[in-house]
Amino acid sequence: MTKPRPSWDDYFLDMARVIASRSTCLRRSVGALLVRDKRILATGYNGAPTGLPHCEEVGCRRQELGIASGERQELCRGLHAEQNAIIQGALHGVSLRGATLYSTTQPCVICAKMLINAGVERVVYEGDYADALALEMMRDAGVELARVKRATEGEGSERAG
């Protein structure tokens with residue numbers, strides 16, 4: 001008897017969860033990957049820029065200041081997983097036009113604007129993020145959105161737009 005194969009969305013979201021395990025953020029572990037034609041183009045997780053101390057080592061400024069999730073992102077030492085994936089594509093000369101982003105969390109508005117300008121056409125994510133403007137901007141730009149519920153939330157996917 002053969003076991004059922006995961007859908008492509010589930011397959012790549014499983015990878016995003018593994019990528020998130022490399023995160024050094026104290027508040028939220030996020031993993032992301034960019035895929036085109038079922039091929040991985042770039043990956044990223046959230047954490048401090050290359051060569052700088054991780055938040056695990058020096059603490060979280062946003063946590064110390066009591067800043068809520070989704071606010072005052074400029075005070076964070078880290079880059080978002082989506083930003084790191086886009087940067088990896090740029091560093092290695094990989095076009096992201098027509099790609100799909102798989103992420104463990106909904107992108108914020110800053111990441112949404114970067115994804116739109118990078119030519120990403122589809123975003124598949126699991127966890128919500130308190131940023132309705134990000135969803136609005138991606139919808140307005142014609143980016144297909146799909147929120148896939150985690151196994152603990154229920155089966156299947158819920159289309160967000």
Side-chain angles (χ1 to χ4, degrees), residues 3-60 62-63 69-70 73 76-131 134-135 138 143-160:
K3 67 179 183 171
R5 292 173 60 182
S7 69
W8 285 108
D9 284 353
D10 289 338
Y11 175 75
F12 289 121
L13 282 171
D14 284 346
M15 288 185 192
R17 285 185 219 107
V18 171
I19 294 164
S21 71
R22 294 278 307 153
S23 170
T24 59
C25 179
L26 298 174
R27 295 178 82 170
R28 180 190 302 256
S29 294
V30 180
L33 64 155
L34 289 153
V35 174
R36 187 178 50 239
D37 299 326
K38 299 178 183 135
R39 302 290 182 254
I40 298 169
L41 304 173
T43 66
Y45 53 87
N46 55 331
T50 303
L52 295 182
H54 297 289
C55 299
E56 294 171 329
E57 302 167 61
V58 297
C60 175
R62 291 168 46 83
Q63 200 165 0
S69 180
Q73 295 173 12
C76 180
R77 293 177 44 78
L79 291 150
H80 288 188
E82 303 92 331
Q83 293 167 346
N84 272 324
I86 292 167
I87 291 166
Q88 286 304 306
L91 279 173
H92 298 287
V94 177
S95 171
L96 305 178
R97 184 175 310 282
T100 295
L101 173 85
Y102 290 91
S103 180
T104 56
T105 303
Q106 173 203 310
C108 73
V109 70
I110 295 169
C111 291
K113 291 184 278 189
M114 293 174 72
L115 293 163
I116 291 165
N117 275 4
V120 172
E121 293 181 353
R122 184 169 182 249
V123 173
V124 180
Y125 63 96
E126 284 186 326
D128 286 327
Y129 190 70
D131 198 334
L135 295 175
M138 287 188 286
V143 175
E144 180 187 341
L145 300 171
R147 179 175 185 263
V148 177
K149 293 183 178 184
R150 291 185 178 114
T152 57
E153 293 179 296
E155 295 299 319
S157 66
E158 171 187 292
R159 299 291 173 198

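The figures that follow rest on heavy atoms only: side chains count, while hydrogens, waters and symmetry mates do not. Sequence positions, counted from 1, serve as the residue numbers for this chain.
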Just how far is it from atom [atom1] of [X] to atom [atom2] of [Y], taken to the nearest 0.5 Å?
X    : Y    : atom1 : atom2 : answer
D128 : R147 : CG    : CZ    : 4.0 Å
C25  : L79  : SG    : CG    : 11.5 Å
T43  : F12  : OG1   : CZ    : 12.5 Å
M114 : H80  : CE    : NE2   : 10.5 Å
L96  : L115 : CG    : CG    : 8.5 Å
M138 : C111 : CE    : SG    : 9.0 Å

Item to check | Parallel, tilted or perpendicular: ring planes of Y11 versus W8, cut at 30 and 60 degrees | outcome: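 Perpendicular.
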
Identify the heavy atoms of [X] and [Y] that sit nearest to each other, and give their distance.
X    : Y    : value
S23  : S29  : OG-CA, 3.6 Å
L41  : S95  : CD1-O, 3.9 Å
R22  : Y45  : O-CE1, 3.3 Å
P107 : L101 : CG-CD2, 3.9 Å
G31  : A20  : N-CB, 3.3 Å
G98  : E121 : CA-CD, 3.5 Å

Can you tell me if [X] uses its side chain to pair, donor with acceptor, with the backbone of [Y] under 3.5 Å?
X    : Y    : value
R122 : A146 : no
N46  : G78  : no
E82  : A32  : no
R17  : T104 : no

Taking the side chain as every heavy atom from C-beta outward, state whether [X] and [Y] have any pair of such atoms under 4.5 Å apart.
X   : Y    : answer
Q83 : I110 : yes
M15 : V18  : no
V30 : S103 : yes

Item to check | Donor + acceptor pair across side chains of D9, Y102 (<3.5 Å) | outcome: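 Checked: D9/Y102 side chains pair up, N/O donor to acceptor below 3.5 Å.
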
